[in-house]
Peer 1: 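Okay, handing you the structure first.
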Amino acid sequence: MKNQIIERTKRFALDCWHFCFKVPKSREYNAFVNQLIRSASSVGANYRASQRAKSTADFINKLKIVEEEVDESVYWLELFEEILPEHIQEISLLKKEGKELLAIIVASINTAKRNQNLN
């Protein structure tokens, strides 16, 4: 499962990048593109970092960063939905994957917290 999430978070970043490549180039669009690329790539990078956590508390803290970054990515995708309705299908798929990743990460955080309280 761990390797599957590593691959999914990496694919999410790449898929967001491919979407951003199609966005028209302008100062206004570029601001949103830069934010989406940053947050989407941070999801995978921070998830990988969580796999090298030094303690359960460190693991939870790193996953909380992943949670924030994937949620932020979904936010930027929601904005793109509003401003680029011609890309609605692609954006909807990206949002769906973002929300699925978010649910997995939140469940992992909750499990880690429960296990931490048992020790």
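Side chains are part of it too, since the values below use all heavy atoms of this structure and drop only hydrogens, waters and symmetry mates.
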Peer 1: Under 4.5 Å between side-chain heavy atoms, counting indirect links through other Ile/Leu/Val/Met/Phe/Trp/Tyr residues: same cluster for Ile6 and Val43 or not?
Peer 2: yes
Peer 1: Group every Ile, Leu, Val, Met, Phe, Trp and Tyr by side-chain heavy-atom contacts under 4.5 Å, then state whether Ile104 and Leu77 land in the same group.
Peer 2: yes
Peer 1: Enter the distance from Thr9:OG1 to Ile105:CD1 here, rounded to the nearest 0.5 Å.
Peer 2: 7.5 Å
Peer 1: Report, as yes or no, whether the 6.0 Å neighbourhood of atom NZ on Lys25 holds more than 12 heavy atoms from other residues, nucleotides or ligands.
Peer 2: yes
Peer 1: Does Tyr29 form a side chain to side chain contact (heavy atoms under 4.5 Å, CB included) with Ile83? I'd like the steps, not just the answer.
Peer 2: CA-CA 9 Å; Tyr29 284 125; Ile83 60 176; 3.9 Å; yes
Peer 1: Could you grab the distance from atom NZ of Lys95 to atom SG of Cys16, nearest 0.5 Å is fine?
Peer 2: 12.5 Å
Peer 1: For Pro24 and Asn30, work out which heavy atoms get closest and say how close.
Peer 2: O-OD1, 4.3 Å
Peer 1: If two hydrophobic side chains count as joined below 4.5 Å and joins carry through other members, does Val74 share a cluster with Phe32?
Peer 2: no
Peer 1: Salt-bridged, Arg11 to Asp15, with N to O below 4.0 Å?
Peer 2: yes
Peer 1: Counting heavy atoms not belonging to Glu28, are there more than 12 under 6.0 Å from its CD?
Peer 2: yes
Peer 1: Return yes when atom CD of Glu86 has more than 12 non-hydrogen atoms of other residues, nucleotides or ligands closer than 6.0 Å, and no otherwise.
Peer 2: yes
Peer 1: Tell me, do Tyr47 and Leu63 make a side-chain contact under 4.5 Å, heavy atoms counted?
Peer 2: yes
Peer 1: State, to 0.1 Å, how close Gly98 and Val70 come at their nearest heavy-atom pair, and which atoms those are.
Peer 2: O-CG2, 3.4 Å
Peer 1: What's the spacing between Phe59 CZ and Arg52 CZ if we round to 0.5 Å?
Peer 2: 13.5 Å
Peer 1: Is the number of heavy atoms from other residues, nucleotides or ligands within 6.0 Å of OH (Tyr75) greater than 12?
Peer 2: no
Peer 1: What distance do Glu67 atom CD and Leu102 atom CG have between them, rounded to the nearest 0.5 Å?
Peer 2: 6.0 Å
Peer 1: What heavy-atom pair brings Leu36 and Ser73 nearest, and what distance separates the two atoms?
Peer 2: CD1-O, 3.7 Å
Peer 1: Inspect the contact between Glu100 and Lys96 and indicate whether a charged nitrogen and a carboxylate oxygen are less than 4.0 angstrom apart.
Peer 2: yes
Peer 1: Can you give me the closest heavy-atom contact between Gln35 and Glu72, atom names plus distance?
Peer 2: O-OE2, 4.4 Å
Peer 1: Quick one: sort the Phe19 and Phe80 rings into parallel, tilted or perpendicular, breaks at 30° and 60°.
Peer 2: perpendicular
Peer 1: Can you give me the closest heavy-atom contact between Glu81 and Ser92, atom names plus distance?
Peer 2: OE2-OG, 3.9 Å
Peer 1: Indicate, with yes or no, if Val23 and Phe12 share a hydrophobic cluster defined by side-chain heavy-atom contacts under 4.5 Å among Ile, Leu, Val, Met, Phe, Trp and Tyr.
Peer 2: yes
Peer 1: Walk me through whether Gln89 and Leu93 qualify under side chain to side chain contact (heavy atoms under 4.5 Å, CB included).
Peer 2: CA-CA 6 Å; Gln89 282 185 304; Leu93 289 173; 5.8 Å; no
Peer 1: Does the ring center of Trp17 lie less than 6.0 Å from the ring center of Phe21?
Peer 2: yes
Peer 1: If you measure from NZ on Lys54 to NZ on Lys62, what distance do you get to the nearest 0.5 Å?
Peer 2: 6.0 Å
Peer 1: Val106 and Ile65: same hydrophobic cluster, using ILVMFWY side-chain contacts below 4.5 Å?
Peer 2: no
Peer 1: Is the backbone of Ser108 close enough, under 3.5 Å, to the side chain of Thr111 for a donor and an acceptor to pair up by distance?
Peer 2: no
Peer 1: Quick one: CD on Glu69 to CZ on Arg38, what's the gap to the nearest 0.5 Å?
Peer 2: 4.5 Å
